[in-house]
Amino acid sequence: MSAELYEAIYTLVRQIPRGNVSTYGAISKVLAINPRVVGYALHRNPSAEKTPCHRVVFKDGQLSPGYVFGGEDVQRAQLKKEGICFSKKGKVIDKYFWENTFNDGILS
DNA sequence: CCGTTGACCAGGC
DNA sequence: GGCCTGGCCAACG
């Protein structure tokens with residue numbers, strides 16, 4: 001099967017715990033690819049239920065401008081429902097960033 | 001097959 | 001802190 005790259009990305013996104021967020025850069029680094037590919041994969045995201053793409057944000061904590069499931073406002077609502085707070089600029093606070101990264105679970 | 005685009009990031013001003 | 005440029009890789013027309 002092709003598109004294994006996307007499968008890997010989706011798998012990693014699913015590993016993000018509830019109440020936490022991750023960044024495109026982290027995923028891209030783990031898979032040794034460019035952040036652009038990660039964004040592309042999430043844009044082609046099959047389903048929000050299958051892949052919580054709303055938990056993936058920019059390095060700055062900014063939300064995705066082209067969130068397929070409704071937009072930034074919807075994504076913000078989703079994160080808020082997870083118990084995440086935002087700064088006055090509408091960005092996710094750094095403390096909610098999943099610092100454990102995927103490396104911890106992948107490396108032995 | 002080549003040119004353009006894209007849910008990015010880092011560096012410079 | 002904000003704006004612009006370069007780079008990187010994959011998919012689309």
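Just the heavy atoms: all of them, side chains too, but no hydrogens, waters or symmetry mates, feed the values below. Proteins get letters first, then strands, A, B, ... in listed order; numbering begins at 1 in each. Quick caveat, the model's predicted, so the values are computed rather than measured.
- A heavy-atom distance below 4.5 Å is not found between the side chains of A:Lys89 and A:Gln62.
- Of the residues A:Arg76, A:Lys80, A:Lys81, the one that meets the side chain to side chain contact (heavy atoms under 4.5 Å, CB included) test with A:Gln78 is A:Lys81.
- Looking at heavy atoms from C-beta onward, A:Phe58 lies out of side-chain contact with A:Thr23 at the 4.5 angstrom threshold.
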Contact list (N/O, under 3.5 angstrom) for nucleotides 10-13 of chain C vs protein:
none

query = Do A:Tyr24 and A:Val57 pass the side-chain contact (heavy atoms from CB on, under 4.5 Å) test, and can you show the C-alpha distance, the side-chain angles, and the key distance before you say yes or no?
reply = CA-CA 7 Å; A:Tyr24 296 93; A:Val57 298; 5.5 Å; no
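- A straight line from CD1 of A:Ile27 to P of C:dC9 spans 18 Å, rounded to a whole angstrom.
- Ring-plane geometry between A:Tyr40 and A:His43 is classed as tilted, the angle between the planes lying from 30 to 60 degrees on a 0 to 90 degree scale.
- With a 4.5 Å cut-off on side-chain heavy atoms, A:Val92 and A:Phe86 count as touching.
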Could you write out each protein N or O paired with an N or O of nucleotides 6-8 of chain C at a distance under 3.5 Å?
unit_1: C:dC8; atom_1: O4'; unit_2: A:Asn34; atom_2: ND2; d: 3.4
unit_1: C:dC8; atom_1: N1; unit_2: A:Asn34; atom_2: ND2; d: 3.4
unit_1: C:dC8; atom_1: O2; unit_2: A:Asn34; atom_2: ND2; d: 3.2

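- The listed nucleotides are B:dA7, B:dA10, C:dG1; the one nearest the side chain of A:Lys59 is B:dA10.
- Per the geometry, CD belonging to A:Gln62 stands 11 Å off P belonging to B:dC9, to the nearest Å.
- One finds the CG atom of A:Leu42 at 13.0 Å from the CZ atom of A:Arg55 (value rounded to the nearest 0.5 Å).
- Remark: B:dG3 base-pairs with C:dC12. Criterion, Watson-Crick or G-U wobble with two distances under 3.5 Å.
- Put simply, A:Ile9 and A:Trp98 are part of the same group of oily side chains (I, L, V, M, F, W, Y) that touch within less than 4.5 Å, one to the next.
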